[in-house]
Amino acid sequence: MLNIVIFGAPGSGKGTQSERIVEKFGINHISTGDVLRAEIKNETALGKTAKKYIDQGQLVPDELIIDILASVLDSLKESKGVIFDGFPRTIPQAEALKAMLNKRGQDVSVMLDLDVPEEELIVRLLKRGEESGRADDNMETIKKRLLVYNTQTSPLKDFYKKEGKYQHIKGIGTMESIFAAIVSAVEKL
Ligand code: AP5
Ligand code: MG
């Protein structure tokens, strides 16, 4: 089982690189952000709750997101592994993920930390905001998302360093060169 946590700030390329990893290694992709945006689009009760947090650049409460992740994970049959994109984002989420995987006799294989300077993140997100119009890709919300990342999510690097799972990836350059660095890290596992 190959269970990858793809980690990094908003705009660091988690979604972009996840698509390539899925294609190369044949594992499933769970993006909690994509799950929440689908719920918002379908105007479900969950979507209505999630929208309030996402529009403010805040994290959806742990209990809610952990339940969502558990049910998506349960729905996967015959999986060769999973790439977790945008989850975990807090220590309780990382502990919950560990417990869920351990229950299945598995664990996180590696945490890939896509490291991108903040100026570049802002350029990428503003550009995407103009092109595809994701509601949270505006300057005000981007700043909040970056603050939340730096205060609540970034400490997970130490969590995975302690677990011996941390792998730094230089997240600037072409999408191809970053993917090559990821493949070489995964193939060394
Ligand atoms: P989520 O959807 O996870 O958003 P995010 O973390 O803010 O990250 P993005 O999806 O914006 O960026 P990415 O790293 O995937 O980069 P991408 O590949 O798109 O979460 C959204 C919200 O949902 C959260 O704020 C929160 O409210 C809620 N949420 C989700 N999960 C949660 C959880 N676990 N707990 C609580 N709340 C949760 O790339 C960005 C752009 O850059 C693209 O346009 C891409 O084309 C471009 N790009 C990519 N690579 C390169 C490159 N090498 N060079 C130039 N441009 C590039
Ligand atoms: Mg994404």
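Ligands are counted one by one from 1 in listed order, and the atoms in each one are counted from 1 as well.
By the criterion of a heavy-atom distance under 4.0 Å, the backbone of A9, and not its side chain, is placed next to ligand 1. Using a 4.0 Å cut-off between heavy atoms, K127 makes no contact with ligand 1 at all. Only the side chain of L125 comes within contact range of ligand 1, with a heavy atom under 4.0 Å; no backbone atom does. Under 4.0 angstrom from ligand 1, the non-hydrogen atoms of Q93 all belong to its side chain. At a heavy-atom distance under 4.0 Å, no atom of D137 approaches ligand 1.
Under a 4.0 Å N-O distance rule, the pair K165/D107 qualifies as a salt bridge. Remark: E39 does not engage K48 in a salt bridge, criterion side-chain N to carboxylate O under 4.0 Å.
Heavy-atom contacts of L36 reach the following atoms of ligand 1: 23 (O), 28 (C), 29 (N), 30 (C) (cutoff under 4.0 Å).
Pairs passing the side-chain hydrogen bond (donor to acceptor under 3.5 Å, both in side chains) check and including a residue from residues 169-179, sequence neighbours excluded, read T174-S177.
In terms of protein heavy-atom proximity, atom 27 (O) of ligand 1 is nearest to Q58 O, 2.6 Å.
Qualifying side chain to side chain donor-acceptor pair (under 3.5 Å) partners for K51, counting only residues two or more places apart in sequence or in other chains: D55.
Residue G13 places at least one N or O, backbone or side chain, under 3.5 Å from an N or O of ligand 1.
The option with the heavy atom closest to atom 6 (O) of ligand 1, from among R89, K144, R134, is R89.
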